[in-house]
Amino acid sequence: HSDEADLRDDDVVVEHIHEDAKTEEKENENKQAKLARIAELKRLLSDSDYKALKFAEGYISAEDYAETKLARQSWRNEINDLENQIGGDV
(Lines give C-alpha, C1' and ligand atoms only; values in the text may rest on other atoms or scores of the structure.)
Protein backbone atom coordinates (compact mmCIF):
# COMPACT_ATOMS: atom_id res chain seq x y z
CA HIS A 1 0.00 0.00 0.00
CA SER A 2 1.12 3.57 -0.53
CA ASP A 3 2.47 5.98 2.03
CA GLU A 4 -0.33 8.38 1.20
CA ALA A 5 -2.82 5.95 2.70
CA ASP A 6 -0.96 6.25 6.02
CA LEU A 7 -1.08 10.04 6.08
CA ARG A 8 -3.09 11.72 8.80
CA ASP A 9 -4.11 15.35 9.16
CA ASP A 10 -1.30 16.02 11.63
CA ASP A 11 1.31 14.77 9.14
CA VAL A 12 0.65 17.86 7.04
CA VAL A 13 1.31 20.08 10.07
CA VAL A 14 4.73 18.49 10.57
CA GLU A 15 5.57 19.10 6.92
CA HIS A 16 4.62 22.78 7.23
CA ILE A 17 6.69 23.16 10.40
CA HIS A 18 9.66 21.64 8.58
CA GLU A 19 9.18 24.05 5.64
CA ASP A 20 8.86 27.00 8.05
CA ALA A 21 12.09 25.95 9.77
CA LYS A 22 13.89 25.76 6.41
CA THR A 23 12.60 29.21 5.46
CA GLU A 24 13.65 30.65 8.81
CA GLU A 25 17.11 29.09 8.46
CA LYS A 26 17.53 30.59 4.98
CA GLU A 27 16.37 33.99 6.25
CA ASN A 28 18.87 33.76 9.11
CA GLU A 29 21.69 32.83 6.72
CA ASN A 30 20.69 35.76 4.49
CA LYS A 31 20.70 38.12 7.48
CA GLN A 32 24.10 36.82 8.60
CA ALA A 33 25.49 37.39 5.09
CA LYS A 34 24.15 40.94 5.12
CA LEU A 35 25.62 41.58 8.57
CA ALA A 36 28.98 40.27 7.36
CA ARG A 37 28.82 42.56 4.33
CA ILE A 38 27.95 45.54 6.57
CA ALA A 39 30.96 44.76 8.76
CA GLU A 40 33.18 44.56 5.67
CA LEU A 41 31.89 47.90 4.37
CA LYS A 42 32.37 49.56 7.74
CA ARG A 43 35.94 48.24 7.78
CA LEU A 44 36.53 49.77 4.33
CA LEU A 45 35.22 53.10 5.63
CA SER A 46 37.41 52.89 8.70
CA ASP A 47 40.45 51.93 6.64
CA SER A 48 39.97 54.98 4.41
CA ASP A 49 39.29 57.47 7.23
CA TYR A 50 42.89 58.68 7.04
CA LYS A 51 42.31 59.84 3.45
CA ALA A 52 39.21 61.78 4.52
CA LEU A 53 41.20 63.39 7.31
CA LYS A 54 44.07 64.26 4.97
CA PHE A 55 41.58 65.89 2.61
CA ALA A 56 39.81 67.74 5.43
CA GLU A 57 43.16 69.04 6.69
CA GLY A 58 44.27 70.11 3.22
CA TYR A 59 47.02 67.52 2.72
CA ILE A 60 45.45 66.09 -0.45
CA SER A 61 43.52 67.88 -3.18
CA ALA A 62 39.85 67.42 -4.02
CA GLU A 63 41.00 65.82 -7.27
CA ASP A 64 43.16 63.28 -5.41
CA TYR A 65 40.34 62.57 -2.95
CA ALA A 66 37.51 62.33 -5.51
CA GLU A 67 37.76 58.58 -6.13
CA THR A 68 37.92 57.79 -2.41
CA LYS A 69 34.99 60.12 -1.74
CA LEU A 70 32.84 58.33 -4.32
CA ALA A 71 33.80 54.91 -2.94
CA ARG A 72 33.03 55.96 0.64
CA GLN A 73 29.60 57.32 -0.36
CA SER A 74 28.86 54.11 -2.25
CA TRP A 75 29.81 52.04 0.82
CA ARG A 76 27.61 54.18 3.08
CA ASN A 77 24.70 53.82 0.66
CA GLU A 78 25.12 50.05 0.58
CA ILE A 79 25.30 49.90 4.39
CA ASN A 80 22.08 51.91 4.64
CA ASP A 81 20.33 49.67 2.10
CA LEU A 82 21.43 46.49 3.88
CA GLU A 83 20.44 47.84 7.28
CA ASN A 84 17.00 48.75 5.93
CA GLN A 85 16.62 45.24 4.48
CA ILE A 86 17.36 43.57 7.81
CA GLY A 87 15.28 46.02 9.77
CA GLY A 88 17.32 48.68 11.48
CA ASP A 89 20.68 49.90 12.58
CA VAL A 90 23.47 47.49 13.23
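Only this structure's heavy atoms are used, side chains among them; waters, hydrogens and symmetry mates stay out.
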key: Inter-residue atom distance Leu41.CG - Leu82.CG, 0.5 Å rounding   = 7.0 Å
message = Quick test of your reading: applying ring-ring contact (aromatic ring centres under 6.0 Å, His included), list the pairs with at least one residue in residues 19-48, sequence neighbours left out, ordered by first then second residue.
response = none
ask   = Atom CG of Leu70 and atom OG of Ser74: how far apart are they, to the nearest 0.5 Å?
value = 8.5 Å
request  = Measure from the side-chain N and O atoms of Ser46 to the backbone N and O of Lys42, and report whether any donor-acceptor pair falls under 3.5 Å.
outcome  = no
Return a table of donor-acceptor pairs under 3.5 angstrom between the side chains of residues 26-35 and protein atoms on other chains or two or more places apart.
unit_1	atom_1	unit_2	atom_2	d
Lys34	NZ	Gln85	OE1	2.7

Donor-acceptor contacts under 3.5 Å from residues 50-58 side chains, at least two apart:
none

key: Between CG on residue Asn80 and CD1 on residue Ile38, distance to nearest 0.5 Å   = 9.0 Å
key: Check against side chain to side chain contact (heavy atoms under 4.5 Å, CB included), Thr68 and Ile60   = CA-CA 11 Å; Thr68 300; Ile60 59 175; over 6 Å; no
Any pair counted as salt bridge (Lys or Arg N to Asp or Glu O under 4.0 Å), so long as it reaches residues 62-78, sequence neighbours left out = Arg37-Glu78, Asp49-Arg72
query = For Asn77, what residues pass the side chain to side chain donor-acceptor pair (under 3.5 Å) criterion, not counting sequence neighbours?
reply = Gln73
